[in-house]
Amino acid sequence: MEQRIELAPNCSLKPASAMLFFGATCLFSLAFALAFVFQGFWPVLPFWALEMLALGLALHANMRRGKYTQTVLITDSRISLVTLSQRGAQKQEFARHWAKVRLRSPPRRHSTSRLTIESHGQAYEVGSFLTEEDRCRLAERLRYLVGGMNESPPLEIDRTLGDPFR
């Protein structure tokens, strides 16, 4: 028996929509910038270009972030964490019997907590892109599936939990 949890950031903006938004924003703001240029305020144009460059870089970073995924696969004896990002695939494996799920509280007041799977002195973060509420629910689900250290509960399907991370 195995349990698989797929995690991906919520990126509703598609590349075609991002291009349309960027093009429309460039044209709209260029119209205002040119109105000032024709009145003799030509230094507005380089600032317009810098502003559009910053917007383009932010949209590009958002599109790259949408390709990031994590898969947690829990079997009777092992836990596998596969992370797909722009840098390629990374895979970590743990013996389930020795693994521990830990939700670390935030170091500062307005920062977020960290959910890690730890084993043999190694800690790997899971779901860094999740909201705080989703991260807490995932931690609860992983604790249920993994158990504590030196404890491996059976991987039966519990239909009462209504798992949103399937």
Side-chain angles (χ1 to χ4, degrees), residues 3-74 79-94 100-119 121-146 161-166:
Q3 291 285 322
R4 177 184 296 270
I5 301 173
E6 301 276 342
L7 303 171
N10 182 13
C11 293
S12 59
L13 188 63
K14 303 292 180 223
S17 301
M19 291 297 290
L20 180 65
F21 170 75
F22 182 67
T25 304
C26 284
L27 289 175
F28 185 73
S29 63
L30 180 62
F32 280 102
L34 288 177
F36 284 102
V37 167
F38 291 138
Q39 293 178 13
F41 299 109
W42 62 267
V44 167
L45 214 48
F47 288 102
W48 169 84
L50 283 174
E51 201 174 341
M52 292 303 105
L53 176 66
L55 177 63
L57 290 174
L59 284 171
H60 180 70
N62 188 325
M63 293 292 102
R64 285 183 45 179
R65 182 177 177 259
K67 295 179 179 153
Y68 184 86
T69 62
Q70 282 186 318
T71 303
V72 181
L73 180 65
I74 303 170
I79 300 172
S80 297
L81 175 64
V82 179
T83 304
L84 295 175
S85 67
Q86 292 290 351
R87 290 181 248 154
Q90 296 176 348
K91 183 175 182 178
Q92 290 82 27
E93 287 197 352
F94 316 99
K100 182 175 184 173
V101 176
R102 183 175 279 174
L103 185 64
R104 297 180 181 273
S105 57
R108 291 177 299 281
R109 186 189 333 188
H110 296 293
S111 59
T112 59
S113 62
R114 292 185 62 215
L115 176 60
T116 58
I117 298 177
E118 302 175 0
S119 180
Q122 300 287 334
Y124 297 98
E125 188 168 5
V126 179
S128 60
F129 47 82
L130 295 174
T131 64
E132 195 66 32
E133 180 183 324
D134 286 343
R135 193 175 298 115
C136 290
R137 286 193 349 235
L138 178 61
E140 185 179 311
R141 179 73 177 147
L142 286 174
R143 283 186 188 124
Y144 172 78
L145 291 171
V146 173
L161 288 179
D163 185 11
F165 297 107
R166 285 188 105 178

Task: N/O donor-acceptor pair under 3.5 Å between Q70 side chain and L81 backbone - done: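 It does not hold such a pair.
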Open item on the list: For the backbone of S128 and the side chain of R135, can you confirm whether one donor and one acceptor N or O come within less than 3.5 Å of each other?
Closed with: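 Answer holds: yes.
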Task: Verdict with supporting geometry, F32 and F28, ring-ring contact (aromatic ring centres under 6.0 Å, His included) - done: CA-CA 7 Å; F32 280 102; F28 185 73; 5.2 Å; yes
Indicate the atoms forming the closest heavy-atom contact of [X] with [Y], along with that distance.
X    : Y    : result
F94  : S119 : CD2-CB, 3.7 Å
M63  : K14  : SD-C, 4.0 Å
C11  : R65  : SG-NH1, 4.1 Å
V101 : A139 : CG1-O, 4.1 Å
S80  : E93  : OG-OE2, 3.3 Å
S113 : L103 : OG-CD1, 3.6 Å

Taking atom [atom1] of [X] and atom [atom2] of [Y], what is their separation to the nearest 0.5 Å?
X    : Y    : atom1 : atom2 : value
H60  : L53  : NE2   : CG    : 11.5 Å
R143 : R102 : CZ    : CZ    : 9.5 Å
K91  : T83  : NZ    : OG1   : 11.5 Å
I5   : R141 : CD1   : CZ    : 6.0 Å
E6   : T69  : CD    : OG1   : 7.0 Å
Q122 : T116 : CD    : OG1   : 12.0 Å

Note, [X] side chain near [Y] side chain (heavy atom, < 4.5 Å):
X    : Y    : result
T71  : R4   : yes
L142 : I74  : yes
I79  : I117 : yes
L30  : L45  : yes
L13  : L59  : yes
S29  : M52  : yes
V72  : L145 : no

Open item on the list: Does V44 form a side chain to side chain contact (heavy atoms under 4.5 Å, CB included) with L34? I'd like the steps, not just the answer.
Closed with: CA-CA 8 Å; V44 167; L34 288 177; over 6 Å; no
- [ ] Describe, in one word, how the ring planes of F129 and Y68 are oriented to each other, choosing from parallel (under 30°), tilted (30 to 60°) and perpendicular (over 60°).
- [x]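 Aromatic pair F129/Y68 classed perpendicular.
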Task: Listed partners of R64 passing salt bridge (charged side-chain N to carboxylate O under 4.0 Å, His left out), at least two apart - done: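 R64: no salt bridge (charged side-chain N to carboxylate O under 4.0 Å, His left out) contacts found.
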Open item on the list: Taking R137 first and then E140, would you say they form a salt bridge - that is, a charged N and a carboxylate O separated by under 4.0 Å?
Closed with: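 Result for this pair is no, no salt bridge flagged.
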